[in-house]
Amino acid sequence: MTAVQRFMTIQRHILEGEKQHPEATGELSSLLSDLVLAAKVISLEVNKAGLVDILGFTGGSNVHGEAVKKLDVYARDMIYRAMDHGGHLCVMASEEDDGMVHIPPQFKKGKYVLIFDPLDGSSNIDVNISIGTIFSIYKRITPDDGSSGTMEDLLQPGYKLEVAGYVLYGSSTIFVYTTGDGVYGFTLDPAVGEFLLSHDGMRIPKDSKIYSINEGNYKYWAEGLKSYINYLKEEDKSTRRPYSSRYIGSMVADIHRNLIYGGIFMYPADKKNPNGKLRLMYECNPMAFIVEAAGGRASDGQRRILEIEPKSLHQKTPIFIGNEVDVKLVEKFMSEEHVKITL
Ligand code: AHG
Ligand code: MN
Ligand code: MN
């Protein structure tokens with residue numbers, strides 16, 4: 001029998017965390033609470049998706065030229081509405097919006113910045129496969145004088161994150177967050193209407209044997225990456241090979257599984273997408289912050305994701321994220337050294 005979890009709502013957990021920081025003003029806690037509310041509402045709508053006339057395309061496409069589904073728009077609007085009037089944010093940015101998302105003039109501007117991917121894995125909506133929300137909170141760089149935030153406040157490297165988290169709408173809804181010190185997961189009890197602590201102090205297991213990558217793109221990969229994937233398929237008990245291949249196609253769900261079972265998730269650069277597919281600000285930085293806080297590693301193949309100096313809101317980056325050992329090995333294969341590795 002496993003040990004009994006601490007019985008705690010996410011709200012209580014946020015408050016306890018705040019108490020450990022005497023300098024805390026309660027603003028971050030308040031922001032997190034607003035995000036929790038948005039998550040509950042989005043979860044409800046995601047669960048209804050097959051029942052109401054919400055499926056299908058809006059007819060528009062987002063700034064990446066991808067079809068926008070109604071549920072993406074719903075999630076984006078819900079988060080915006082939950083977050084625009086709290087007085088703690090000075091600006092926002094969302095994957096579904098082209099430029100900065102401003103706080104309406106009538107509301108107070110605060111010292112934090114929110115960046116989010118309202119619905120990640122949205123091509124899975126129509127087929128009842130897990131999707132998620134990803135969020136990041138930074139402190140503003142410009143003076144906290146009541147003015148609106150600027151692009152400078154948004155374009156911060158990931159190591160400066162104050163909080164990052166995701167909500168996974170799966171067989172149950174899970175809210176995972178970190179302030180960089182411990183990763184905590186809370187499962188929504190739909191009857192009680194509360195997120196309850198279910199994953200206390202998440203650590204990515206060291207003995208991984210899962211890899212997640214869209215292998216359909218094999219032909220377009222660099223030779224080092226091809227060698228690495230071929231290496232994972234070879235048999236060697238001492239290194240738990242061959243690895244299992246698991247690819248959901250929702251980054252949040254793939255990384256959540258790997259956080260629990262151990263594993264590596266990759267979206268590399270390839271001949272068709274020289275910078276990969278995933279966005280640094282909305283997807284890669286927050287997931288890297290979470291995975292590092294859980295003892296893992298996240299890299300673009302050469303350097304830490306969290307150290308990339310962002311140039312634009314929608315910039316993409318290749319990503320290799322998960323167990324430290326696995327990520328270091330793929331980096332090695334992708335560098336010149338891969339030729340020296342004995343396969
Ligand atoms: P989004 O729905 O926010 O645009 O993101 C989808 C992303 C990510 O969740 C997933 O890992 C990846 O796209 C899957 O891409 P492929 O279909 O190219 O494998
Ligand atoms: Mn996404
Ligand atoms: Mn999205």
Side-chain angles (χ1 to χ4, degrees), residues 117 120-121 123-124 129-136 158 161 164-178 180 182-187 198-217 221 225 228-229 231-233 239-268 276-280 282-301 304-306 317-334:
D117 180 356
D120 174 71
S123 67
N124 281 326
I129 292 175
S130 302
I131 47 182
T133 294
I134 311 174
F135 64 88
S136 324
L161 274 161
Y166 60 80
V167 189
L168 173 65
Y169 313 101
S171 47
S172 51
T173 298
I174 298 188
F175 190 113
V176 173
Y177 84 96
T178 183
V183 180
Y184 302 93
F186 303 80
T187 301
S198 52
H199 298 72
D200 197 355
M202 294 168 82
R203 302 291 297 172
I204 186 160
K206 297 231 177 302
D207 52 348
S208 66
K209 58 163 291 161
I210 291 176
Y211 74 96
S212 322
I213 191 165
N214 185 342
E215 220 162 333
N217 295 326
W221 294 344
L225 181 60
Y228 173 69
I229 299 296
Y231 166 87
L232 294 180
K233 293 175 180 177
T239 49
R240 296 173 303 281
R241 288 179 292 148
Y243 272 34
S244 289
S245 163
R246 295 280 184 277
Y247 191 72
I248 295 166
S250 295
M251 185 199 205
V252 170
D254 277 309
I255 292 183
H256 180 73
R257 182 207 49 243
N258 290 0
L259 264 179
I260 291 173
Y261 290 158
I264 179 167
F265 171 88
M266 296 162 269
Y267 211 107
K277 175 183 180 188
L278 300 177
R279 298 87 177 174
L280 176 64
Y282 307 106
E283 294 161 324
C284 299
N285 269 337
M287 296 313 274
F289 191 68
I290 296 164
V291 167
E292 283 200 5
R297 182 179 176 91
S299 124
D300 70 353
R304 244 175 115 210
I305 290 285
L306 296 181
T317 175
I319 185 166
F320 302 87
I321 179 169
N323 288 74
E324 188 169 16
V325 174
D326 298 81
V327 175
K328 280 190 170 158
L329 189 59
V330 71
E331 285 173 327
K332 215 166 181 181
F333 268 87
M334 294 189 52

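The chain is numbered in sequence order, starting from 1. As the structure is a prediction and not an experimental result, all values here were calculated from the model.
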Shortest non-hydrogen contact between [X] and [Y], atoms and distance:
X: G295; Y: I204; answer: C-CG2, 3.8 Å
X: S208; Y: G262; answer: CB-C, 3.4 Å
X: L280; Y: P286; answer: O-CD, 4.1 Å
X: G322; Y: V327; answer: N-CG2, 3.5 Å

For residues [X] and [Y], determine if any side-chain heavy atom of one lies less than 4.5 Å from a side-chain heavy atom of the other.
X: H256; Y: F265; value: no
X: N217; Y: Y267; value: yes
X: P268; Y: F320; value: yes
X: I290; Y: I255; value: no
X: V325; Y: K206; value: no

Taking [X] for its side chain and [Y] for its backbone only, find out whether a donor-acceptor pair lies under 3.5 Å.
X: D117; Y: T133; answer: no
X: S250; Y: S130; answer: yes
X: N214; Y: G216; answer: yes
X: N323; Y: I264; answer: no
X: S172; Y: T187; answer: no
X: S212; Y: R246; answer: yes
X: D254; Y: G249; answer: yes
X: D120; Y: V252; answer: yes

*Answer yes or no: does atom NZ of K233 have more than 12 heavy-atom neighbours from other residues, nucleotides or ligands under 6.0 Å?*
yes
*Tell me, yes or no, whether the heavy-atom count around Y247 atom OH, taken from other residues, nucleotides or ligands under 6.0 Å, exceeds 12.*
yes
*asked:* Checking F289 against V183 for the side chain to side chain contact (heavy atoms under 4.5 Å, CB included) test, could you report, in this order, the C-alpha distance in whole Å, the side-chain angles of both residues, the deciding distance, and whether it holds?
replied: CA-CA 10 Å; F289 191 68; V183 180; over 6 Å; no
Would you compute the distance between atom [atom1] of [X] and atom [atom2] of [Y] and round it to the nearest 0.5 angstrom?
X: H199; Y: L259; atom1: NE2; atom2: CG; answer: 9.5 Å
X: L232; Y: T239; atom1: CG; atom2: OG1; answer: 9.0 Å
X: M287; Y: L306; atom1: CE; atom2: CG; answer: 12.5 Å

*In this structure, which one of R279, M251, E283, K277 forms a side chain to side chain contact (heavy atoms under 4.5 Å, CB included) with I319?*
M251
*Going through the checks in order, is the side chain to side chain contact (heavy atoms under 4.5 Å, CB included) test met by W221 and I213?*
CA-CA 11 Å; W221 294 344; I213 191 165; 3.4 Å; yes
_For Y231 and Y211, I'd like to know if the aromatic rings sit close, meaning centre-to-centre distance below 6.0 Å._
no
*Taking it one step at a time, do T317 and L278 satisfy side chain to side chain contact (heavy atoms under 4.5 Å, CB included)?*
CA-CA 6 Å; T317 175; L278 300 177; 6.0 Å; no
